[in-house]
Structure formats: structure tokens, C-alpha cells
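All of these numbers come straight from a predicted model, not from anything done at the bench.
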Amino acid sequence: MAWVDLLIAGLAEVWWATTMKMSGGFTKLNYTLLTIAGMLVSFGFLIRATKGLPLSIAYPVWTGIGAVGAILVGIILFNEHISLLTWLFVILLVIGILGIKMTSGH
């Protein structure tokens with residue numbers, strides 16, 4: 001269950017990062033409130049995940065999910081572009097996240 005909690009925490013990190021961008025520097029109340037809610041959900045599930053997983057596993061996976069998710073959201077929602085070399089490093093990041101999961105023993 002800790003891995004499910006960690007996945008939810010990572011997806012909520014993408015949520016709050018996205019709504020933070022949409023808040024216009026916290027000038028739009030609705031997106032600001034959604035950002036705060038996303039942060040609470042993200043941290044809440046990260047706390048739950050670290051009850052069953054070591055911090056040395058949970059934190060890098062959480063940030064990795066958030067990083068890859070934010071890149072995808074930037075490309076899909078905000079029409080951002082990244083170079084082919086950057087894509088290579090995104091792929092390496094995904095491989096690293098999966099590698100941590102597969103070798104963690106949890």
C-alpha cells in the first residue's frame with residue numbers, strides 16, 4: 001500500500017505544480033487554493049508512504065514522479081518544447097525511478 005500512497009503523492013505533486021503555474025504567481029485565488037490543496041494531498045500521502053518505505057526510497061521516487069509529470073504537463077498543457085537530448089535525460093530519469101522501485105526490496 002505504501003507504493004500506492006507514493007504514486008498518489010507524486011501525482012498530487014504534479015497537480016500542485018500545474019495549478020501553481022496556472023495561479024499566475026498566486027494572483028488567481030481559485031488556482032492558488034487548488035495549489036494549496038494539492039500540496040496538502042501530496043505531503044499527506046508522502047507521509048503515509050514513508051511509514052512503510054524508507055525515506056531514501058520514497059523521496060527520490062516522489063520527486064521523480066513529480067519531475068516527469070511536470071515535464072509532460074508542460075509539453076501537453078503549456079505547449080512547452082524540450083530538446084531531443086532533454087528527452088534522453090527524461091527517459092533516464094524514468095529508468096532511474098523504475099530501477100529504485102525494482103531494487104528497493106519493498
Is it the case that one hydrophobic cluster holds both [X] and [Y], taking links as side-chain heavy atoms less than 4.5 Å apart, direct or via other members?
X	Y	result
I36	Y31	no
V41	M1	yes
L53	I47	no

- Query: Counting distance only, does the side-chain N/O of S42 pair as donor-acceptor with the main-chain N or O of G38 below 3.5 Å?
  - Reply: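 Such a contact is absent between S42 side chain and G38 backbone.
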
Tell me every residue that passes side-chain contact (heavy atoms from CB on, under 4.5 Å) with [X], counting only those two or more places apart in sequence or in another chain.
X	result
P60	I100
T35	W16, T19, M20, F26, M39
K101	W3
L84	none

Out of curiosity, [X] [atom1] to [Y] [atom2], how far, rounded to the nearest 0.5 Å?
X	Y	atom1	atom2	value
L92	L88	CG	CG	4.5 Å
L72	T18	CG	OG1	10.0 Å
M22	L77	CE	CG	7.0 Å
I91	T86	CD1	OG1	11.0 Å

- Task: Grab the two heavy atoms, one from V14 and one from I65, that are nearest each other, plus how far apart they are.
- Result: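 Heavy atoms only, the tightest pair is CG2-O, 3.8 Å.
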
- Task: Of all the heavy-atom pairs spanning I57 and S104, show the shortest one and how long it is.
- Result: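 For I57 and S104, the tightest heavy-atom pair comes out as CD1-CB, 3.8 Å.
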
- Message: For residues 56-101, which residue pairs pass the ring-ring contact (aromatic ring centres under 6.0 Å, His included) check, not counting sequence neighbours?
- Response: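 Sorted pair list: F43-W62, Y59-W62.
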
Please tabulate, one pair per line, all N/O donor-acceptor pairs under 3.5 Å involving side-chain atoms of residues 5-13, not counting sequence neighbours.
residue : atom : partner : partner atom : Å
D5      : OD1  : R48     : NH2          : 3.3
D5      : OD2  : R48     : NE           : 3.3

